[in-house]
Amino acid sequence: QAQLVDSGGGSVQAGGSLRLSCAVYGNTHGAHCMGWFRQVPGKEREGVVALYTGGGTTEYADSVKGRFTISQDNSKTTYSLQMNNLKPEDTALYYCAAHQRTRPYCSTIAPVGVFRYWGRGTQVTVSS
């Protein structure tokens with residue numbers, strides 16, 4: 001059974017940076033899409049970035065473009081999300097996720113149910 005372990009959250013002031021990590025354990029059965037989502041209480045989970053490992057394409061939510069960058073290590077067992085110039089509105093519980101479906105489903109607006117594997121979440125708090 002595959003397991004995703006996300007980490008790296010914390011508290012920073014606006015304008016600061018954090019780097020989240022997602023470690024992949026076990027067999028994800030050829031998962032082609034790695035994503036990061038975030039959620040605040042009372043709101044739906046929001047897609048932040050989706051990386052299609054099959055072709056290396058990446059999609060970012062408009063709210064984070066130019067500030068967040070996803071990367072993967074050569075073994076494709078760790079995915080990182082570098083978050084710069086953080087804003088108070090970035091405060092949320094961040095989750096990494098993965099699925100094996102095809103490219104059209106690798107999107108920040110794909111239904112969360114498409115993603116089969118999830119981390120437990122890591123809290124990011126940005127103060128003004």
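The model shown is predicted, which means the values in this text are computed figures rather than measured ones.
Geometrically, Arg120 does not engage Tyr95 in a cation-pi contact defined by less than 6.0 Å to the ring centre and at most 45° from the axis.
Note that SG of Cys33 and CZ of Arg103 are 8.0 Å apart. Values are rounded to the nearest 0.5 Å. Separation of atoms OG (Ser11) and CD (Gln123) is listed at 7.5 Å; rounding is to 0.5 Å. To the nearest 0.5 Å, the span separating CH2 on Trp36 from CD on Glu46 amounts to 14.5 Å. Atom OG of Ser80 sits about 10.0 Å away from atom CD of Gln72, to the nearest 0.5 Å. From Tyr79, atom OH reaches atom CG of Leu51 across 6.5 Å, with rounding to the nearest 0.5 Å.
Taking 4.5 Å as the limit, some side-chain heavy atom of Leu81 sits within range of a side-chain heavy atom of Val49. Looking only at side-chain heavy atoms (C-beta outward), Arg45 and Trp118 come within less than 4.5 Å of each other. Counting only heavy atoms from C-beta outward, the side chains of Val126 and Gln13 never approach each other to under 4.5 Å. Within the 4.5 Å cutoff, side-chain heavy atoms of Tyr94 are placed close to those of Val48. Contact check for Gln100 versus Arg116: side-chain heavy atoms found under the 4.5 Å cut-off.
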Does the side-chain contact (heavy atoms from CB on, under 4.5 Å) test come out yes or no for Asn85 and Phe68, once each step is laid out? CA-CA 9 Å; Asn85 191 22; Phe68 290 13; over 6 Å; no

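Residues Tyr117 and Ile70 are members of one and the same hydrophobic cluster, defined by side-chain heavy-atom contacts under 4.5 angstrom among Ile, Leu, Val, Met, Phe, Trp and Tyr. Under a hydrophobic-cluster definition in which Ile, Leu, Val, Met, Phe, Trp and Tyr are linked whenever side-chain heavy atoms come within less than 4.5 Å, directly or via other members, Phe115 and Met34 are assigned to different clusters. One hydrophobic cluster, built from ILVMFWY side chains closer than 4.5 Å, holds both Val12 and Met83. Hydrophobic cluster membership differs between Phe37 and Val64, with clusters built from Ile, Leu, Val, Met, Phe, Trp and Tyr side chains linked at under 4.5 angstrom. No chain of hydrophobic side-chain contacts below 4.5 Å, direct or via other Ile, Leu, Val, Met, Phe, Trp or Tyr residues, connects Val112 to Leu20.
The closest side-chain donor-acceptor pair between Gln82 and Thr69, if any, does not fall under 3.5 angstrom. For Asp6 and Thr122, the side-chain atoms include no donor-acceptor pair closer than 3.5 Å. Using modelled atom types, one finds a donor on one side chain and an acceptor on the other under 3.5 Å when comparing Thr108 with Glu59.
With Leu86 as the fixed residue, the side-chain contact (heavy atoms from CB on, under 4.5 Å) test singles out one of Leu18, Thr91, Thr125: Leu18.
Judged purely by atom type and a 3.5 angstrom limit, Thr53 uses its side chain to pair as donor or acceptor with the backbone of His32.
Other residues sharing the hydrophobic cluster of Val5, ordered by chain and number and joined by side-chain separations under 4.5 Å: Tyr25.
Asp90 meets the side-chain hydrogen bond (donor to acceptor under 3.5 Å, both in side chains) test with Arg38, Arg67; sequence neighbours excluded.
The aromatic rings of His99 and Tyr105 sit perpendicular, their planes meeting at an angle over 60°, well past the 30° parallel limit.
Listed by first then second residue, pairs satisfying disulfide (SG to SG under 2.5 Å) with a partner in residues 46-83 number zero, not counting sequence neighbours.
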